[in-house]
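First comes the structure, then the notes that go with it.
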Amino acid sequence: MKEKKSHSGSDRLFKVFIYVVLIMLAVSIIVPVAWVFLASVKQNSEFYGNPWTLPATFYWQNFVNAWNSAKMGEYMLNSVTVTALALVLLLVIALPASYCLSRFKFRGSKFLNMAFMAGLFINVNYIVVPIFLMLKDGDVLLKKLVGSGFLLNNIFVLAVVYAATALPFTIYLLSGYFATLPHDFEEAAYIDGAGYGTAMTRIIFPMAQPSIITIILFNFLSFWNEYIISMTLMSAAKGPKTLPVGLLNLMQAQQSKAEFGILYAGLVLVMLPTLILYICVQKKLTQGMTVGGLKG
């Protein structure tokens, strides 16, 4: 009886410790986010007092100014275009590739699996400069051939680079999930006269929906918040910019003007879509991240 009481007491202390740690982590995240949201609706005069005071009124003009005069609306449209195009390219390439690598054994399949796994250990930030130089040399060649280049400062090329850099992790996760699915459904489809493509699109992909949703959500967050590649490949002063790069330009401009309300309004415009998306789908995201592993 004494041992049971001691175990129950230690379990309670451990639970209390876990709850305290979780509460502290939640506060450390919620308080800065809430402060940014409150700062985005303050007038400039309110920033020179106590930073923790609530706004006297909700000054929504900050968002209007950030959207129009600071071109945050244009930057958001560019980010939406780049993210959507990169996701489409990624899914069109990664889904069939993952299916073939996980369901079929052919000459070179092990090498391809190892190559994609090796890609997981390459930090994209370390190869940004070689990618930039490659595209720059391509533009030089195109100018000699057709008179103009289009590889740099192009949101469509940026989307292709995003999709290419996300392929290793995407194929790793999808092929691991595909490998856990039974072959019985495909064999039944083959008996009914279905081809490989039909079995893949109508049998396997619907069954792998949790993993596919996870891939879409994870890469959306990655593409939407990406900064280094976008800043490097979209370096023209008057060229198109994505939202994170536009936010940096806004920070540099508004700090000299001391218009902090517009600055924080721009920051909210960047954070809000990802926060809403993550809150809505966090269960599916964590569920999909834990499914399957590579076999064979």
Side-chain angles (χ1 to χ4, degrees), residues 16-84 87 155 158 216-231 234-235 237-286:
V16 170
F17 172 76
I18 292 298
Y19 281 124
V20 170
V21 172
L22 291 176
I23 291 173
M24 292 177 62
L25 289 174
V27 169
S28 66
I29 295 173
I30 293 173
V31 170
V33 173
W35 189 90
V36 170
F37 274 87
L38 291 176
S40 66
V41 292
K42 286 184 176 181
Q43 300 189 39
N44 284 332
S45 59
E46 299 180 68
F47 286 95
Y48 297 99
N50 188 347
W52 296 103
T53 56
L54 296 176
T57 58
F58 292 105
Y59 190 67
W60 301 109
Q61 188 64 31
N62 289 332
F63 288 93
V64 177
N65 295 335
W67 185 269
N68 295 324
S69 60
K71 297 184 179 180
M72 297 302 289
E74 177 184 343
Y75 299 150
M76 180 170 286
L77 179 60
N78 292 335
S79 287
V80 170
T81 303
V82 170
T83 302
L87 286 175
I155 59 176
L158 179 63
I216 293 174
L217 298 175
F218 183 86
N219 285 295
F220 171 83
L221 296 174
S222 177
F223 298 157
W224 183 265
N225 294 316
E226 200 285 322
Y227 169 75
I228 295 179
I229 299 177
S230 178
M231 181 188 66
M234 314 282 282
S235 57
K238 296 183 179 180
K241 299 287 188 296
T242 57
L243 205 53
V245 178
L247 178 63
L248 177 66
N249 295 341
L250 177 64
M251 291 175 63
Q252 294 173 347
Q254 300 306 324
Q255 282 178 352
S256 59
K257 296 180 181 179
E259 295 180 354
F260 300 107
I262 299 177
L263 171 63
Y264 288 110
L267 187 59
V268 169
L269 291 175
V270 176
M271 292 193 306
L272 195 58
T274 57
L275 287 175
I276 295 175
L277 183 63
Y278 183 77
I279 291 172
C280 294
V281 299
Q282 57 178 330
K283 291 184 179 180
K284 289 185 177 294
L285 184 63
T286 54

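The structure presented is a predicted model; accordingly, all values stated were derived computationally and were not measured.
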Hey, does W67 have a side-chain heavy atom less than 4.5 Å from the side chain of L269? yes
Between atom CG of L275 and atom CG of L221, what is the distance when rounded to the nearest 0.5 Å? 9.5 Å
Under the side chain to side chain contact (heavy atoms under 4.5 Å, CB included) rule, collect the residues that match up with I228, sequence neighbours excluded. N125, V128, E226, T232
Got a donor-acceptor contact below 3.5 angstrom from the T83 side chain to the V80 backbone? no
Kindly say whether S40 contributes a backbone atom to a donor-acceptor pair with the side chain of N62 at under 3.5 angstrom? yes
Do any N or O atoms from the side chain of S222 and from the backbone of N219 form a donor-acceptor pair under 3.5 angstrom? no
So does P273 get a backbone contact from the side chain of W224, meaning a donor-acceptor N/O pair under 3.5 Å? no
Indicate the ring-plane relationship of F58 and W60, choosing parallel, tilted or perpendicular according to the 30° and 60° boundaries. parallel
Quick one: does any side-chain atom of S230 pair with a main-chain N or O of Y227 as donor and acceptor, under 3.5 Å? no
Do the side chain of Q43 and the main chain of Y59 share a donor and acceptor less than 3.5 angstrom apart? no
Between N78 and P240 (side chain of the first, backbone of the second, donor and acceptor by atom type, cut-off under 3.5 Å), is there such a pair? no
Polar side-chain atom of K42 near backbone of T53 as donor-acceptor pair, under 3.5 Å: yes
For the residue pair L54 and E46, what are the closest heavy atoms and their distance? O-OE1, 4.1 Å
Which pair of heavy atoms, one from T274 and one from V270, lies closest together, and at what distance? OG1-O, 4.0 Å
With rounding to the nearest 0.5 angstrom, report the CE to CZ distance, M271 to F37. 5.0 Å
For the pair W35 and Y264, evaluate ring-ring contact (aromatic ring centres under 6.0 Å, His included) and give the outcome as yes or no after the intermediate values. CA-CA 10 Å; W35 189 90; Y264 288 110; 5.3 Å; yes
So do L243 and L247 actually touch side chain to side chain, heavy atoms under 4.5 Å? no
With sequence neighbours excluded, what pairs up with E74 under the side chain to side chain donor-acceptor pair (under 3.5 Å) test? none
Assess whether side chain to side chain contact (heavy atoms under 4.5 Å, CB included) is satisfied between F223 and F218, documenting all intermediate values. CA-CA 9 Å; F223 298 157; F218 183 86; over 6 Å; no
When rounded to the nearest 0.5 angstrom, what distance separates CG in N65 from CG in L263? 13.0 Å
As an exercise, state the distance from CE of M234 to OG1 of T242, rounded to the nearest 0.5 Å. 7.0 Å
Using side-chain heavy atoms (C-beta onward) and a distance below 4.5 Å, is V27 in contact with M24? no
